[in-house]
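Please read all numbers here as calculations on a predicted model, not as lab measurements.
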Amino acid sequence: MSRIVATSKRSGYIALAVALVIQTGLISIQASHRIDTSFVRAWILDSLAPMEKLVDRSLHGVAYVWDNYFFLIGLHKENEQLRTEVDDLRIKLDRQEQDVAEVQRLRALLSIRDSIAGRTVVARVVGRDPTRSNETVTIDKGRSHGVKPDSAVITPDGIVGRVIHSSNFFSIVQLIIDSQSAVGALERSTRKQAILRGNGGHDLDLEYTDDDTDMKVGDAFITSGLDRIYPKGLPVGSIVSVGPRKGAALFKTIVVRPSSDLGRLEEVLCMVDPPDTVDVFDPTERWAAP
């Protein structure tokens, strides 16, 4: 592009130089011989002026395009830089929002420590059974932190499950919805004893109760403490469906939805002390019925 501009400028200079030489020659001739050369000068002016005008416009056009080309390149780079800065700020904002959410969850976990007599430890969920053949999760606390098999695991919303395997630094937690898991429970309002068993899906089934006559959707269950795993008074879940007895079955088909969102676990609280030395103070005040 610079070569084209230089060539155009050179042609214009040559044309102007030729015009000046001719003009000077005509002036000299006119001064010495008194010849009227006005018509020649007019003809030269009419002939060269359009060329000079064309060259001038071409030079201005090339310069305008060239300047705007570099301007657009600079503008593109500036836009790319601003776009990168916006993306970085968006990532930082997302991280800050995640940090705030994590702090809120941890505060909620720590707040229930005051309702529990006994030592507890906060753990982070780091894995889940990918096959979903067993409803289990892996946490980043183990024997070195006091976590051992049959340690109860809870969230501010209710019980999560129990530890079934433990290494020095990690543990596997069996969720209450696992088909091999059972929880001793009490119906909150009537205090009826019940046993809830995981159905391997998202809920628990009522396996046993003293009397299911008056049970209805919305009734809540809390832990009874009789299974020697979970201390008494922790939220378990609420009834989401009540069906008729099937065949010779003793009880209605009652499905209980866990109070904790077991599909979105991130941080949990492990109860280190055994159940016989742990209890929950004022459970009906600390955890309101849903």
Quiz prompt | F169 backbone acceptor or donor facing S144 side chain under 3.5 Å | solution = no
Exercise. Output, in order, the C-alpha distance, side-chain angles, deciding distance and verdict of side chain to side chain contact (heavy atoms under 4.5 Å, CB included) for L234 and M271.
Key: CA-CA 12 Å; L234 299 174; M271 306 181 68; 4.3 Å; yes
Exercise. Would you name the heavy atoms of G263 and R128 that are closest together and state the gap between them?
Key: CA-NH1, 3.9 Å
Exercise. Taking all non-hydrogen atoms of both residues into account, name the closest pair between I239 and V242 and its distance.
Key: CG2-CG2, 3.5 Å
Quiz item: Do R191 and S224 touch side chain to side chain, with heavy atoms closer than 4.5 Å?
Solution: no
Quiz item: Is V86 close to R83 at the side-chain level, that is, under 4.5 Å between some pair of heavy atoms?
Solution: no
Quiz item: Minimum heavy-atom separation for I159 to S260, with atom names?
Solution: O-OG, 3.6 Å
Practice problem: Rounded to the nearest 0.5 Å, what's the gap from NZ on K232 to CG on L226? Could you check? | Solution: 8.0 Å
Quiz item: Quick one: does T223's side chain have a donor or acceptor within less than 3.5 Å of a partner on P231's backbone?
Solution: yes
Quiz item: For the side chain of D129 and the backbone of T136, is there at least one donor-acceptor N/O pair under 3.5 Å apart?
Solution: no
Quiz prompt | Heavy-atom closest pair, residues Q193 and T209 | solution = O-OG1, 3.0 Å
Self-check item: Same cluster (ILVMFWY, side-chain, under 4.5 Å), V173 and L262
Solution: yes
Exercise. Find the distance between CG (D212) and CD (E187) and round it off to the nearest 0.5 Å.
Key: 11.5 Å
Quiz item: When rounded to the nearest 0.5 angstrom, what is the spacing between CG in D203 and CZ in R257?
Solution: 4.0 Å
Self-check item: S151 (side chain) donor-acceptor with C270 (main chain) under 3.5 angstrom
Solution: no
Quiz item: Checking side chain to side chain contact (heavy atoms under 4.5 Å, CB included) against E207, which of I195, I254, V183 comes through?
Solution: I195
Quiz prompt | Atom pair OG/NE2 of S166 and H145 - distance to nearest 0.5 Å | solution = 10.0 Å
Quiz prompt | same_hphob_cluster(I177, V137) at 4.5 Å side-chain heavy-atom cutoff | solution = yes
Self-check item: Any P235 side-chain heavy atom under 4.5 Å of D157 side chain
Solution: no
Quiz item: What are the two closest heavy atoms between L175 and S181, and how far apart are they?
Solution: O-CB, 3.5 Å
Self-check item: Derivation and outcome, side chain to side chain contact (heavy atoms under 4.5 Å, CB included), residues K252 and M215
Solution: CA-CA 9 Å; K252 298 177 182 177; M215 289 187 177; over 6 Å; no
Quiz prompt | Cluster check I229, I164: I/L/V/M/F/W/Y, side chain < 4.5 angstrom | solution = no
Exercise. Give a yes or no on whether the backbone of G198 and the side-chain of S179 come within a donor-acceptor separation of less than 3.5 Å.
Key: no
Self-check item: Verdict with reasoning, V256 to R197, per side chain to side chain contact (heavy atoms under 4.5 Å, CB included)
Solution: CA-CA 9 Å; V256 176; R197 181 175 294 277; over 6 Å; no
Quiz item: With the 4.5 Å side-chain cut-off for hydrophobic clustering, are V255 and L196 part of the same group?
Solution: no
Quiz prompt | Residue of the set D178, D150, D227 for which side chain to side chain donor-acceptor pair (under 3.5 Å) holds with R162 | solution = D150
Exercise. Please confirm whether the backbone N or O of V272 pairs with a side-chain atom of K148, one donor and one acceptor, at under 3.5 Å?
Key: yes
Practice problem: Report the C-alpha separation of F170 and D140 in whole Å, then their side-chain angles, then the decisive distance to 0.1 Å, and conclude whether the side chain to side chain contact (heavy atoms under 4.5 Å, CB included) test is met. | Solution: CA-CA 5 Å; F170 296 93; D140 63 350; 4.1 Å; yes
Quiz prompt | For the student: nearest non-hydrogen atoms of A194 and F221, plus distance | solution = CB-CE2, 3.9 Å
Quiz item: Taking S171 for the side chain and K141 for the main chain, is one N or O donor matched with an acceptor at less than 3.5 Å?
Solution: yes
Quiz item: Would a hydrophobic clustering, with Ile, Leu, Val, Met, Phe, Trp and Tyr connected at side-chain separations under 4.5 Å, put V125 with I176?
Solution: yes
